[in-house]
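Data block below; observations after.
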Amino acid sequence: MDRREVAHLLRTIGALLEVKGEDPFKVRSYGRAADSIESSDYDLEKLAGEGRLTDIPGVGKNLEPKVREMILTGSSSYLERLVAEIPEGVLDLLKVPGIGPKTARLLYTALGIASLDDLDAALKAHKIQGLPGMGRKREEIMAEGLAEIRRYAGRISIGVALPVAESIVASLRQKSIAAALVGEVRRAEETVSALDLLVLKNPDESPSSILERSGLVPGASSSALEQSWDDAHGRYVFGTGLGVPLRLHFAGMNAFWPRALWLTGPSEFLDYFSKKARERGLVLTEAGLVREGETLEAARTGFFGDVGTAEARFPKNAEIEDIMDARFEDLLFGMVSLSPIPPEVRHRKEFWEASAAGKVPPLVDPNDLRGDIHLHTLWSDGVAGIEAMVQAAIGMGYSYIAITDHATDMKMIRGITHERLDEYLREIRQVQEKYPGFRVYSGVEVDILRDGRLYLPDEDLARLDVVIASIHHEIDSKGDGVRRLIKAAMNPHVDVLGHPAGRLIGRRAGIVSGLEEVLEAAATTGTAIEINSSPDRLDLPENLVALGYSKGVRFAVCSDAHSPGGLGTIRYGLLTCARRAGIPPEYVVNTKPALPWVTG
DNA sequence: GCCGTTTTCGGCCCGACTGTTTTCAGTCG
């Protein structure tokens with residue numbers, strides 16, 4: 001059992017203990033151990049074998065045997081005992097706003113509610129008001145929250161889906177099986193309903209024998225998955241622990257990229273592509289690109305050796321790496337007189353037109369990023385010091401970062417105050433001196449208060465290189481977020497508006513109207529708009545990024561990392577919000593060699 | 001339940017808000 005799975009079991013135990021009403025500190029210790037195991041690179045099986053699991057911070061004498069059992073057997077008898085008391089479905093209730101551990105337990109013990117469906121039924125029958133402490137208003141809040149969760153039912157964030165899909169591709173590759181991402185994950189949709197992989201198949205091999213070789217067959221590994229063959233689509237469908245299926249599609253060498261194009265879609269783009277193909281006497285089918293009048297059977301032999309050009313033909317002894325090169329897909333575009341369109345913008349009609357005209361504009365690319373300007377450290381709610389974040393940034397190949405700890409009146413976070421500012425700036429300067437070739441900007445993420453003023457006075461903000469202004473409380477419509485954001489944008493010290501919509505995917509809708517006005521204001525004041533890449537935010541969403549771009553707004557793509565490992569999440573915002581919106585690199589401030597508004 | 005000790009027990013994340021009360025428990029950031 002791998003790190004992620006162990007961490008997941010530990011978190012499940014922690015949540016169940018919390019619902020049981022156990023000591024909060026005990027509950028938290030399970031979460032801490034999970035974080036520690038997940039973010040480490042320990043060889044768990046080795047440590048378990050040597051009895052050294054307590055070397056892991058957060059794992060003590062009580063957790064050691066529990067973790068060892070998970071690693072060695074893939075399950076936990078302790079967890080099984082807990083689930084006998086409280087079904088795991090009760091934990092789904094915790095995702096609903098207004099339901100915490102106490103309420104979840106009450107709902108389960110009083111009404112037997114053990115799933116979101118149960119909750120839905122109880123809300124509709126108004127069974128909840130009348131329980132101790134529950135009234136009409138509580139029911140309303142729960143119903144609203146449940147509706148938001150239901151909007152994302154059966155979907156997971158790209159931030160969860162992409163790394164899992166990539167790790168499956170990597171593990172298949174280790175078994176000499178070549179596969180590529182297709183479908184929603186390849187298009188980098190903000191949430192996806194399935195993980196689709198296209199697997200390369202030799203003519204003499206069957207999908208089932210590949211599957212056997214893959215190690216994904218139940219029983220072949222501890223992470224056994226339910227699987228079934230879907231004959232209509234020629235694919236295997238697996239259940240995963242993520243709430244979305246994994247689907248393995250198969251194609252031979254010559255049909256690989258036509259099939260990848262088909263499976264990547266989206267369907268309205270395939271319609272357009274087909275139309276262009278017909279103009280050239282070609283037909284796009286699920287199995288390949290074929291000459292008009294040709295049968296599907298013929299198509300199954302693949303098109304590259306048939307209607308393909310000489311350079312589109314694979315060499316006789318092509319290596320997997322050669323075949324996996326997406327430039328072969330580009331050749332398909334060429335065959336129908338289109339310029340290649342990156343998967344993330346194939347849904348955008350303006351790119352179809354640009355493609356037909358042979359002028360697809362460049363999109364901002366991960367390699368364009370020169371720095372990350374929204375990061376937290378131990379100075380507020382981050383888990384690492386400034387220097388550790390600098391080293392992580394250097395590891396990402398950046399030339400600069402901005403340290404932007406919270407300046408907030410949220411009491412739980414001890415952030416940057418007027419009194420602590422001197423000391424904070426001093427430490428940033430000290431780290432800067434140790435890394436002369438790398439720029440460490442000083443900054444804060446300052447709270448926009450209820451009246452639109454900022455938590456720190458202007459004279460403090462004036463001392464910082466980067467000021468991100470964000471709303472952290474009363475984000476919904478009654479908090480009048482639009483007016484507060486515009487007021488913050490008008491402040492000349494504010495460089496960036498942080499996570500403007502304030503949404504949390506699947507939990508909180510955030511500001512749902514009026515953000516056009518904020519974009520107008522930002523375009524006028526020159527304030528950059530953040531694209532926050534945290535997988536549960538992905539804020540600003542694509543459609544509003546595209547709108548801002550049309551108004552001339554500049555963007556800052558940021559990780560909002562709270563740990564060194566967190567810097568890597570920046571790609572989710574980049575792919576899902578920036579690239580899908582069709583943003584070129586020059587509209588992203590942190591593609592510049594230095595921040596334009598900082599002098600000296 | 002972990003950790004780090006002033007070594008075997010106390011600290012660990014705290015305060016505002018809210019819907020429900022009729023004095024406060026529970027949630028949230």
Side-chain angles (χ1 to χ4, degrees), chain A residues 7 9-37 40 53-68 70 76 78-79 82 91 93-110 128-146 148 376 378-383 405-415 417 445-450 455 470-476 478-479 481 498-499 502-504 507-508 510 534 536-537 560 562:
Chain A
L9 290 190
L10 287 170
R11 292 202 182 95
T12 305
I13 292 173
L16 286 168
L17 291 174
E18 191 175 24
V19 172
K20 271 188 73 181
E22 290 277 355
D23 173 27
F25 294 108
K26 177 172 165 178
V27 169
R28 203 174 307 146
S29 65
Y30 280 85
R32 270 211 312 266
D35 291 343
S36 172
I37 286 172
S40 71
L53 285 170
T54 49
D55 286 4
I56 301 171
V59 178
K61 66 172 172 21
N62 275 296
L63 281 178
E64 193 273 336
K66 298 189 177 91
V67 173
R68 180 153 40 87
M70 291 173 195
S76 164
Y78 182 60
L79 176 59
L82 287 173
L91 300 182
L93 304 180
L94 297 174
K95 296 179 198 144
V96 180
I99 300 184
K102 298 282 158 49
T103 308
R105 183 160 61 146
L106 175 68
L107 293 175
Y108 175 61
T109 51
I128 290 171
Q129 48 178 300
L131 292 178
M134 300 289 141
R136 198 174 51 81
K137 189 80 196 212
R138 290 293 295 272
E139 272 194 356
E140 268 173 34
I141 291 169
M142 287 182 201
E144 233 169 74
L146 187 59
E148 186 64 19
H376 298 273
L378 291 168
W379 277 89
S380 61
D381 58 347
V383 301
D405 274 299
H406 286 286
T408 174
D409 61 354
M410 285 184 288
K411 292 297 177 289
M412 168 196 170
I413 295 169
R414 183 168 170 265
T417 57
E445 181 185 14
V446 65
D447 265 18
I448 304 174
L449 304 173
R450 284 179 182 75
Y455 178 71
S470 309
I471 298 182
H472 285 110
H473 26 217
E474 294 207 8
I475 284 153
D476 50 4
K478 72 181 175 193
H499 46 73
R503 70 166 176 173
L504 292 171
R507 278 189 286 158
R508 185 173 75 201
S534 168
D536 50 358
R537 289 193 183 272
D560 196 1
H562 287 66

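Order of the sequence lines sets the chain letters (A, B, ...), proteins ahead of strands, with each chain counted from 1. Since the model is a prediction, treat every value here as computed from it, not as a measurement.
- When heavy atoms are screened at a 4.0 angstrom cut-off, A:R136 is found touching the sugar-phosphate backbone but no base atom.
- When all heavy atoms of A:D560 and A:H499 are compared, the closest pair comes out as OD2-CD2, 4.4 Å.
- Note on A:P97: only backbone sugar-phosphate atoms sit closer than 4.0 angstrom, heavy atoms only; bases stay farther off.
- Comparing B:dC2, B:dC12, B:dT27 against the side chain of A:L63 picks out B:dC2 as the nearest.
- Taking atom CE on A:M142 and atom P on B:dT27, their separation rounds to 9 Å, with Å as the unit.
- For the pair A:L17 CG and B:dC2 P, the interatomic distance rounds to 12 Å; values are reported in whole Å.
- Between the CZ atom of A:F25 and the P atom of B:dG11 there is a distance of 10 Å, rounded to whole Å.
- Look at the P atom in both B:dT22 and B:dG26: the space between them is 14 Å, to the nearest Å.
- Annotation: B:dC9 and B:dC14 have their P atoms spaced 23 Å apart (nearest Å).
- When the C1' atom is compared between B:dT8 and B:dC3, the two are found 12 Å apart, to the nearest whole Å.
- A donor N or O paired with an acceptor N or O is not found under 3.5 Å between the base of B:dC2 and the side-chain atoms of A:R32.
- In this structure, A:Q129 atom CD and B:dT20 atom P are separated by 9 Å, rounded to whole Å.
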Show, in sequence, the C-alpha distance, side-chain angles and deciding distance for A:L131 and A:L107, and conclude whether the side-chain contact (heavy atoms from CB on, under 4.5 Å) test is met. CA-CA 9 Å; A:L131 292 178; A:L107 293 175; 4.0 Å; yes

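- Between the NZ atom of A:K137 and the P atom of B:dG26 there is a distance of 20 Å, given to the nearest Å.
- Rounded to whole Å, the separation between the C1' atoms of B:dT27 and B:dT20 comes to 13 Å.
- Heavy-atom distances to DNA chain B give each of A:A104 and A:M134 a nearest nucleotide, and the one nearer the 5′ end belongs to A:M134.
- Distance A:H562 NE2 to B:dG29 P: 14 Å, rounded to the nearest Å.
- B:dG1 and B:dT5 have their P atoms separated by 23 Å, with the value rounded to a whole Å.
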Working for side-chain contact (heavy atoms from CB on, under 4.5 Å), residues A:L63 and A:Y30: CA-CA 8 Å; A:L63 281 178; A:Y30 280 85; 3.2 Å; yes

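- Using cut-offs of 30° and 60° for the angle between ring planes, the A:H472 and A:H406 rings count as perpendicular.
- The gap from the P atom of B:dG4 to that of B:dC13 amounts to 14 Å, rounded to the nearest Å.
- Of the candidates B:dC12, B:dG1, B:dG19, the closest approach to any side-chain atom of A:R28 belongs to B:dC12.
- Mapped onto DNA chain B by nearest heavy atom, A:N62 and A:L94 fall at different nucleotides, with A:N62 at the one closer to the 5' end.
- A:R537 is listed as a side-chain neighbour of A:R508, based on a closest heavy-atom distance under 4.5 Å.
- Residue A:P57 is classed as a sugar-phosphate contact, given heavy-atom separations below 4.0 Å to backbone atoms only.
- Considering A:E144, A:E148, A:M142 as possible partners of A:V96, the one that fulfils the side chain to side chain contact (heavy atoms under 4.5 Å, CB included) test is A:M142.
- When both pairing distances are held under 3.5 Å, B:dT8 makes no Watson-Crick or G-U pair with any nucleotide shown.
- In this structure, the separation between CG on A:L53 and NZ on A:K66 is 13.0 Å, given to the nearest 0.5 Å.
- With B:dC12, B:dG29, B:dG19 as the choices, the nucleotide that has an atom nearest any side-chain atom of A:H472 turns out to be B:dG29.
- Summarising the geometry, the separation between NZ on A:K61 and P on B:dC3 is reported as 10 Å, rounded to the nearest angstrom.
- Of the side-chain N and O atoms in A:K26, none sit less than 4.0 angstrom from OP1 or OP2 of B:dC12.
- For the P atoms, the distance linking B:dC12 with B:dG19 amounts to 32 Å, nearest Å.
- OP1 or OP2 of B:dG29 sits under 4.0 Å from a side-chain N or O of A:R508.
- Within the 4.0 angstrom heavy-atom criterion, only backbone atoms of the sugar-phosphate kind lie near A:T103; the bases stay farther away.
- Look at OH on A:Y455: it is 12 Å from P on B:dA16, rounded to the nearest Å.
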